[in-house]
There are 2 protein chains.
Amino acid sequence: MGRPRAFDEGHVIRAAAELFAAHGYEGTSIDDLVNGLGVHRGSLYKVFGSKRGLYVSALRTHVEEQVGPLAAALAASGDLAQALASAAASYDSGPAAGLLLLAAVERAPHDPEIAELVADAFQALDQALADFAPPELAPALTATVLGARIRKHPVPVAHLARYIRPTGD
Amino acid sequence: MGRPRAFDEGHVIRAAAELFAAHGYEGTSIDDLVNGLGVHRGSLYKVFGSKRGLYVSALRTHVEEQVGPLAAALAASGDLAQALASAAASYDSGPAAGLLLLAAVERAPHDPEIAELVADAFQALDQALADFAPPELAPALTATVLGARIRKHPVPVAHLARYIRPTGD
DNA sequence: CGCTTTTAAGAACGATCGTTCTTGACCGAC
DNA sequence: GTCGGTCAAGAACGATCGTTCTTAAAAGCG
């Protein structure tokens, strides 16, 4: 009963993730979202409660739909070189790529819930990489993958594998 | 002639860098700057022209006073382990640390001048690291150092050196 | 058809945004 | 001492911020 929705919630969340990834949380206004998403102001507040609510939904969905599958792909790799290559390729692409990175540096320091989402995503990457390198190296390798995403030109992280001795020292 | 300034420009720039590093460009308002810096609104606009002008000054000073000396310290290291250790230690500390990182993900995509500042700083780190590892690995190692700064808990990047075979393949 | 419920539309709210202006305080030079 | 010039103080600008409100439109159900 009642008037049906004229928009798909998942589609809206993904489009919002793009906007937040492109301009950051503070740099994206409600008007930007209303115009870019084609969803009415009141509907956004009805469904997500606030700008922050929409942001959290966007980040959570980004982690689930982009970072999660990436971690799974890493775990299915044959060796470290393949894992690093697919990590770089997969994380470089995707319209909302960089949302996790932006969330980590912009919002996580001031928002514990976002900090937890970010930490969980990073830990998932750690675990996926820990199978192909000495375990104490996993956080550094995750840092490499994340840091590579920052630079303008692609960073050949996969080459790193050729210089790292196999698992177990 | 004329009334002398009641503030030190360098000190103001460094304090502004702290604020921008903590809350980002969009997340730091002119009122935040006026309150946190103790400098009058009109004086800020007289000296720096605009909020962006102050931000560019802060980023440039941060690169010159923090990142530059770090690159010099790297170049003076004995081996890769020492270089990575000092990179992690030096870049982790400092009140404005992270400003470069935040500038790279938040402003560089939308501001060519900032993008150039960021790219130059990254390249300086690349060159400093290229002396201790295979040259094609330098960007990846810079990415590791940058990525490590993102995570909440310190990342032991220096351990990476123990697994990397010496320069020249 | 009427009633109920949910969404869409858009004006409107006070607060804050970056920026500018006006006024008076301060200092060196004459 | 007073004049010229720079800075400090703070009110004020229009624009935009996130959020809320009022009203109309669209569906299922009796």
Side-chain angles (χ1 to χ4, degrees), chain A residues 1-60 99 102-103 106-107 110-114, chain B residues 1-60 99 102-103 106-107 110-114:
Chain A
M1 38 180 151
R3 179 174 173 172
R5 251 172 218 172
F7 61 91
D8 174 63
E9 190 172 321
H11 184 276
V12 162
I13 289 179
R14 259 167 252 128
E18 277 191 57
L19 288 177
F20 282 128
H23 303 100
Y25 178 76
E26 304 277 3
T28 306
S29 71
I30 296 290
D31 280 346
D32 291 337
L33 293 164
V34 167
N35 293 334
L37 272 49
V39 174
H40 190 76
R41 200 177 306 270
S43 301
L44 284 185
Y45 277 89
K46 174 101 67 179
V47 175
F48 301 104
S50 67
K51 179 187 176 183
R52 180 183 172 279
L54 175 54
Y55 184 80
V56 171
S57 293
L59 178 59
R60 196 182 300 273
L99 181 57
L102 203 34
E106 185 194 10
R107 297 306 309 157
H110 309 290
D111 193 319
E113 184 179 0
I114 292 178
Chain B
M1 38 183 151
R3 179 173 174 175
R5 241 167 230 175
F7 61 91
D8 174 63
E9 189 171 322
H11 185 277
V12 163
I13 289 179
R14 260 166 250 126
E18 278 190 56
L19 287 178
F20 282 128
H23 303 99
Y25 178 77
E26 303 277 3
T28 306
S29 71
I30 296 288
D31 280 345
D32 292 338
L33 293 165
V34 168
N35 293 334
L37 272 47
V39 174
H40 188 75
R41 200 178 306 270
S43 301
L44 284 184
Y45 276 89
K46 174 102 67 179
V47 176
F48 301 104
S50 67
K51 179 187 176 182
R52 180 183 172 279
L54 175 55
Y55 183 80
V56 171
S57 293
L59 178 59
R60 196 181 300 272
L99 180 57
L102 203 34
E106 184 195 10
R107 297 306 310 157
H110 309 290
D111 193 320
E113 184 179 358
I114 293 178

TODO: Return yes when atom NE2 of B/His110 has more than 12 non-hydrogen atoms of other residues, nucleotides or ligands closer than 6.0 Å, and no otherwise.
DONE: yes
Task: Nearest-neighbour nucleotide for the A/Ile30 side chain, D/dT19, D/dA26, D/dC17 considered - done: D/dT19
Open item on the list: Rounded to whole Å, please give me the gap between CZ in A/Phe7 and P in C/dT7.
Closed with: 8 Å
TODO: Take the protein atom NE2 of B/His40 and the nucleotide atom C1' of C/dT20, then report the distance between them rounded to whole Å.
DONE: 11 Å
Open item on the list: Could you tell me how far apart B/Lys46 (NZ) and C/dC21 (P) are, to the nearest whole angstrom?
Closed with: 12 Å
TODO: Please state whether the rings of B/Tyr55 and B/Tyr25 are parallel, tilted or perpendicular, taking 30° and 60° as the class boundaries.
DONE: perpendicular
Open item on the list: Nearest to the side chain of A/Ser29, heavy atoms from C-beta on, is which of C/dA8, C/dG18, D/dC17?
Closed with: D/dC17
Task: Gap between atoms CZ and C1', on B/Phe48 and C/dT20 respectively (whole Å) - done: 18 Å
TODO: Kindly point out which of C/dA8, D/dG18, D/dT19 is positioned nearest to the side chain of A/Ser50?
DONE: D/dT19
Open item on the list: Nearest heavy atom decides the nucleotide; on that basis, is B/Gly38 or A/Gly42 closer to the 5' end of DNA chain D?
Closed with: B/Gly38
TODO: Taking only Lys NZ, Arg NE, NH1 and NH2, and the carboxylate oxygens of Asp or Glu, determine whether B/Arg14 and B/Glu9 approach each other closer than 4.0 Å.
DONE: no
Task: Any N/O donor-acceptor pair, A/Arg3 side-chain to D/dA25 base, under 3.5 Å - done: yes
Open item on the list: Output the rounded distance in Å from NZ (A/Lys51) to P (C/dC17).
Closed with: 12 Å
Task: Nucleotide nearest A/Arg41 (side chain, heavy atoms from C-beta), chosen from D/dG18, D/dT20, C/dC17 - done: D/dT20
Task: Derivation of the side-chain contact (heavy atoms from CB on, under 4.5 Å) call for A/Asp31 and A/Arg41 - done: CA-CA 8 Å; A/Asp31 280 346; A/Arg41 200 177 306 270; 2.8 Å; yes
Open item on the list: Rounded to whole Å, please give me the gap between CZ in A/Arg5 and C1' in D/dG28.
Closed with: 16 Å
Open item on the list: So that I can tick it off, tell me whether B/Lys51 and B/Glu26 are bridged by a salt bridge, with the cut-off set at under 4.0 angstrom between side-chain N and carboxylate O.
Closed with: no
- [ ] State whether A/Ser43 places a side-chain N or O below 4.0 Å from either non-bridging phosphate oxygen (OP1 or OP2) of C/dT7.
- [x] no
Task: Spacing between A/Leu54 atom CG and D/dC17 atom C1', to the nearest angstrom - done: 16 Å
Task: Nearest-Å distance for atom pair OH/P, residues B/Tyr45 and D/dA12 - done: 19 Å
